[in-house]
> 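The following block contains the structure, expressed as structure tokens.
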Amino acid sequence: MQLLDLDKITLGMSGAWAGFLRDWDRTLRAGNYPETTRYNYLLAVAQLARYLGDRGPGGEEGTQDPVNVTKPQIEAFQAWMISSRSASTAVNKHKALQQFFKWLAVDEGEIDRSPMEHVKQPRTSQKLIPIVQAEDTSKILAACRGKTFLQVRDEAIIRLLRNTGARLSEVGFLKVEDIDLNTDSAHYHGKGSKDRRVRFGHRTARALSRYLRARAQHNGATLPDLWLADRGGRMSVEIVVT
């Protein structure tokens, strides 16, 4: 199962919004944008479309066509995103919408100028990310200890995250072929198509080896995705994108 499901993303949207989103995704695919980037971009536009369709800023009628979106509507959506999510999330949406309306104006010629032109990017405060202490990691690993499929899988995930310092999305979207137990390394597909191979330690290697043995006997063993759900499909990976 792929992360990016256009039918799901465009569900309930007007034909105009859905059509432009599909066309934009074709352009993104042609530009070799990673699936996670495409998903984040398309999701931001879909959220704007639903926001305007559901209410419209200040209670006024929403917009069912992206060519009619105005600067005040974008600002109202951005303010709502800050209040309902966070300023950092609003920044991500702002960047995605900039790309969409630039495409709509420059590539498609559907609008004369982008409504994002004078919309200021939200300000965010710098926050130090707390480091997970060794004893906390040990508690998490202890909770994963066992012989069930989920316990074996989750221990491998936690050890890989801890050992390599990779992003959640990088670990979450690994393929079976990305793990090399001959060199004890993982091939990560980073943001902006920046791939790298990272070595991991013997405990992580042992946890991955145990998981791969269990995976080979599990439903969905023929899938290319490394992490499987309990019933055999691709494991759903929660990425902070909303």
Side-chain angles (χ1 to χ4, degrees), residues 1-10 21-22 24-44 46 92 96 132 137 140-141 143-242:
M1 183 180 70
Q2 293 183 329
L3 167 70
L4 204 163
D5 184 341
L6 267 175
D7 289 336
K8 184 176 181 180
I9 291 175
T10 59
L21 269 182
R22 290 185 181 278
W24 190 36
D25 186 47
R26 291 190 188 95
T27 300
L28 295 175
R29 282 188 281 117
N32 197 31
Y33 281 75
E35 184 185 30
T36 50
T37 301
R38 288 166 44 220
Y39 176 74
N40 292 338
Y41 278 6
L42 295 169
L43 181 63
N92 292 333
V132 178
T137 305
I140 296 172
L141 288 171
C144 298
R145 193 167 294 126
K147 296 184 178 180
T148 69
F149 179 78
L150 291 184
Q151 287 171 324
V152 171
R153 182 200 69 188
D154 291 350
E155 181 181 353
I157 292 173
I158 296 301
R159 287 196 179 279
L160 197 56
L161 284 167
R162 177 193 189 188
N163 199 177
T164 64
R167 294 172 178 269
L168 173 60
S169 58
E170 290 177 326
V171 172
F173 292 105
L174 283 170
K175 306 295 183 184
V176 175
E177 63 183 19
D178 292 326
I179 298 297
D180 186 347
L181 292 180
N182 291 318
T183 59
D184 289 349
S185 64
H187 179 191
Y188 287 130
H189 307 277
K191 295 182 68 175
S193 299
K194 297 177 181 177
D195 288 14
R196 69 189 192 283
R197 184 165 287 279
V198 180
R199 297 287 297 272
F200 45 75
H202 72 279
R203 290 185 179 179
T204 301
R206 186 169 56 191
L208 283 165
S209 182
R210 287 182 62 205
Y211 169 67
L212 288 172
R213 287 198 299 272
R215 186 188 183 285
Q217 305 299 319
H218 203 61
N219 294 333
T222 58
L223 291 174
D225 307 286
L226 178 60
W227 310 115
L228 299 180
D230 192 26
R231 296 186 179 181
R234 179 183 181 277
M235 186 183 75
S236 176
V237 182
E238 294 296 327
I239 303 179
V240 183
V241 292
T242 59

> Distance from Leu208 atom CG to Arg206 atom CZ, nearest 0.5 Å?
12.0 Å
> With the side chain counted from C-beta on, respond yes when Leu228 and Phe149 share a heavy-atom pair under 4.5 Å apart, and no when they do not.
yes
> Determine yes or no for a side-chain-to-main-chain donor-acceptor pair under 3.5 angstrom, with Asp5 supplying the side chain and Asp7 the backbone.
yes
> For Leu161 and Ala166, work out which heavy atoms get closest and say how close.
CD2-O, 3.8 Å
> Quick one: OG on Ser209 to CG on Leu181, what's the gap to the nearest 0.5 Å?
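Taking OG in Ser209 and CG in Leu181, the distance rounds to 5.5 Å.
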> I would like to know whether Thr10 and Leu42 meet side chain to side chain contact (heavy atoms under 4.5 Å, CB included); could you show each step before the answer?
CA-CA 9 Å; Thr10 59; Leu42 295 169; over 6 Å; no
> Test side-chain hydrogen bond (donor to acceptor under 3.5 Å, both in side chains) on Tyr188 and Thr164; report intermediate values, then the result.
CA-CA 10 Å; Tyr188 287 130; Thr164 64; 2.7 Å; yes
> To the nearest 0.5 Å, how far apart are CD1 in Ile9 and CZ in Arg38?
9.0 Å
> For residues Arg159 and Ala207, report the shortest heavy-atom separation together with the two atoms involved.
CD-CB, 3.8 Å
> Please say which of Leu141, Leu160, Leu150 ends up in a side chain to side chain contact (heavy atoms under 4.5 Å, CB included) with Glu155.
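Among Leu141, Leu160, Leu150, the one meeting side chain to side chain contact (heavy atoms under 4.5 Å, CB included) with Glu155 is Leu141.
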> Could you give the distance from CG (Leu6) to CH2 (Trp24), rounded to the nearest 0.5 Å?
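The CG atom of Leu6 sits 11.5 Å away from the CH2 atom of Trp24.
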> Flag yes if more than 12 heavy atoms outside Arg203 fall under 6.0 Å of its CZ atom; otherwise flag no.
no
> What verdict does the side-chain hydrogen bond (donor to acceptor under 3.5 Å, both in side chains) test give for Thr37 and Asn40, after you've listed the backbone C-alpha separation in whole Å, the side-chain angles of each residue and the deciding distance to 0.1 Å?
CA-CA 5 Å; Thr37 301; Asn40 292 338; 5.7 Å; no
> Listing request: all side-chain hydrogen bond (donor to acceptor under 3.5 Å, both in side chains) pairs with a residue in residues 214-223, at least two apart in sequence or in separate chains.
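Listed by first then second residue: nothing to list.
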> With a 4.5 Å heavy-atom cut-off, do Leu174 and Ile179 have their side chains touching?
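SC-SC contact between Leu174 and Ile179 confirmed.
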> Could you measure the distance from the OG1 atom of Thr204 to the OH atom of Tyr211? Nearest 0.5 Å is fine.
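Rounded to the nearest 0.5 Å, the OG1-OH separation comes out at 15.5 Å.
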> How long is the gap from NE2 on His189 to CD on Glu35, to the nearest 0.5 Å?
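If we round to the nearest 0.5 Å, His189:NE2 and Glu35:CD are 12.0 Å apart.
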> Quick one: are Asp180 and Asp184 in side-chain contact, heavy atoms under 4.5 Å?
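The answer is no, as the side chains (C-beta and beyond) never meet within the 4.5 Å cut-off.
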> Which atoms form the tightest heavy-atom contact between Ala221 and Ala216, and what is the distance?
CB-O, 3.8 Å
> Determine whether Ser185 and Arg199 satisfy the following criterion, side-chain hydrogen bond (donor to acceptor under 3.5 Å, both in side chains), listing intermediate values before the conclusion.
CA-CA 4 Å; Ser185 64; Arg199 297 287 297 272; 5.4 Å; no
> Contact between Arg196 and His187 at the side-chain level, heavy atoms closer than 4.5 Å - yes or no?
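Side chain of Arg196 against side chain of His187, heavy atoms only: no contact under 4.5 Å found.
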> Contact between Val171 and Trp227 at the side-chain level, heavy atoms closer than 4.5 Å - yes or no?
yes
> Does Val152 form a side chain to side chain contact (heavy atoms under 4.5 Å, CB included) with Arg210? I'd like the steps, not just the answer.
CA-CA 7 Å; Val152 171; Arg210 287 182 62 205; 3.7 Å; yes
> Do Asn163 and Val198 have side chains that get closer than 4.5 Å, going by heavy atoms?
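Sidechains of Val198 and Asn163: no contact.
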